[in-house]
Novice: 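The structure follows.
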Protein chains: 2
Amino acid sequence: MPTQPVVFDQLQTLVAWLKVLAEPRRLQIFDLLMQGVQCNCELGEQLQLAPNLISHHLSVLRQAGLVDMERDQVDGRWVYYSVNLAALQALNATFGAFFHPARMQQRQPTCGPQSTLLTLDTIEEVFE
Amino acid sequence: MPTQPVVFDQLQTLVAWLKVLAEPRRLQIFDLLMQGVQCNCELGEQLQLAPNLISHHLSVLRQAGLVDMERDQVDGRWVYYSVNLAALQALNATFGAFFHPARMQQRQPTCGPQSTLLTLDTIEEVFE
DNA sequence: ATTATACTTCAATCGTGATTGAAGTATTTC
DNA sequence: GAAATACTTCAATCACGATTGAAGTATAAT
């Protein structure tokens with residue numbers, strides 16, 4: 001029985017991130033925040049989306065640690081949102097590692113007729 | 001009004017991929033296929049999942065172009081699945097580009113009190 | 001204090017997609 | 001040709017999450 005290629009926890013973390021980002025509006029919001037700090041109303045105007053929806057999506061992004069929030073020092077009614085750089089770096093590194101083409105391996109199925117075919121890799125084992 | 005940072009189509013494509021992969025079982029299946037060719041039954045045994053579910057997830061992965069399918073030449077009842085290398089490369093490149101930390105930019109909100117504060121970038125424009 | 005603004009939270013509805021179980025298909029073996 | 005195997009497709013249920021609308025909160029202006 002082959003060992004599990006990626007640790008379960010890593011996979012769960014990756015799925016959590018993917019779930020958060022696999023939503024058009026949310027990905028757009030994230031993308032807009034890559035352009036720099038923005039407030040709810042700016043995002044809403046650009047995406048033609050109601051403020052409560054923006055707020056909701058931002059909270060999801062925030063819970064995932066992908067986005068930071070900061071209240072205005074002068075007028076506390078305003079809230080500014082930005083991408084969390086550390087999270088972005090972690091995200092990028094994890095994605096890059098997981099989906100790196102070099103991780104792909106050669107392997108024959110262990111069941112079906114193919115499993116009995118000899119490959120260049122296994123043929124030497126037979127003669128031992 | 002700022003220009004849209006990423007073209008809508010690109011974003012949709014990315015979301016489509018993310019949706020497909022943002023599912024624990026599916027990501028596990030994809031991860032297992034990174035180890036090499038496998039058939040339905042092998043995957044099912046490793047994940048303790050019914051064959052029809054495996055089949056369903058594989059068809060989703062296949063529709064997204066991420067996974068290829070091949071019938072056994074000797075015994076056509078057996079079907080082998082593998083990761084599509086070109087798709088993996090495209091995926092990796094797109095993710096890498098989108099989530100690259102270097103894409104992050106400095107920007108001040110255009111509304112709220114912050115918008116009236118002068119920055120080093122904008123202060124020279126004022127004197128023109 | 002009262003009102004207005006900017007945003008957040010809550011409750012309810014709606015839709016998409018995961019899961020389940022059963023029927024269907026393709027292929028090989030007897 | 002009939003039975004068996006490996007897998008696929010279909011129909012139905014279930015659950016999670018997006019959306020909506022309304023109430024709630026925090027802050028500032030009057």
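Heavy-atom basis, side chains included; hydrogens, waters and symmetry copies ignored. Every chain is numbered from 1 and lettered A, B, ... according to where its sequence line falls, protein lines coming before strand lines.
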Novice: Within 45 degrees of the ring normal and closer than 6.0 Å to the centroid, is that where the cationic atom of Arg71(A) sits relative to Tyr80(A)?
Specialist: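 Output no; distance or angle outside limits.
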
Novice: Among dT9(D), dA18(C), dG21(D), find the nucleotide with the atom closest to the side chain of Ser55(B).
Specialist: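 In terms of side-chain proximity for Ser55(B), the closest of dT9(D), dA18(C), dG21(D) is dT9(D).
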
Novice: Tell me whether the side-chain N/O atoms of Asn40(A) come closer than 4.0 Å to OP1 or OP2 in dT8(C).
Specialist: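 Looking at the OP1 and OP2 atoms of dT8(C), one of them is under 4.0 Å from a side-chain N or O of Asn40(A).
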
Novice: Hey, does the side chain of Arg71(A) come within less than 4.0 Å of dC7(C)'s phosphate (OP1/OP2), counting only N and O?
Specialist: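 For dC7(C), OP1/OP2 do not have a side-chain N/O of Arg71(A) under 4.0 Å.
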
Novice: Expressed as a whole number of angstroms, how long is the span from Glu70(A):CD to dA6(C):P?
Specialist: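 The distance from CD of Glu70(A) to P of dA6(C) comes to 18 Å, rounded to the nearest Å.
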
Novice: Which heavy atom of Tyr81(A) sits nearest to which heavy atom of Leu33(A), and what is that distance?
Specialist: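 Of all heavy-atom pairs spanning Tyr81(A) and Leu33(A), the closest is O-CD2, 3.4 Å.
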
Novice: Would you check if there is a donor-acceptor pair between the side chains of Gln38(A) and Gln46(A) at a distance under 3.5 Å?
Specialist: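 Checked: Gln46(A)/Gln38(A) side chains pair up, N/O donor to acceptor below 3.5 Å.
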
Novice: Parallel, tilted or perpendicular: which describes the rings of Phe98(B) and Phe30(A), with under 30° parallel and over 60° perpendicular?
Specialist: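 Taking Phe30(A) first and then Phe98(B), their aromatic rings lie parallel (interplane angle under 30°).
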
Novice: Using OP1 and OP2 only, check whether a side-chain N or O of His56(A) sits under 4.0 Å from dA18(D).
Specialist: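 The answer is yes; a side-chain N or O of His56(A) sits under 4.0 Å from OP1 or OP2.
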
Novice: Establish, with yes or no, whether the OP1 or OP2 oxygen of dA4(C) is under 4.0 angstrom from a side-chain nitrogen or oxygen of Arg77(A).
Specialist: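 Result: no.
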
Novice: Is any side-chain N or O of His57(A) closer than 4.0 Å to OP1 or OP2 of dA18(D)?
Specialist: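 False: His57(A) side-chain N/O out of range (4.0 Å or more) of dA18(D) OP1/OP2.
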
Novice: Please figure out whether Leu49(A) or Ser59(B) has its closest DNA chain D nucleotide nearer the 5' end.
Specialist: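 Closest to the 5' end, via its nearest nucleotide, is Ser59(B).
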
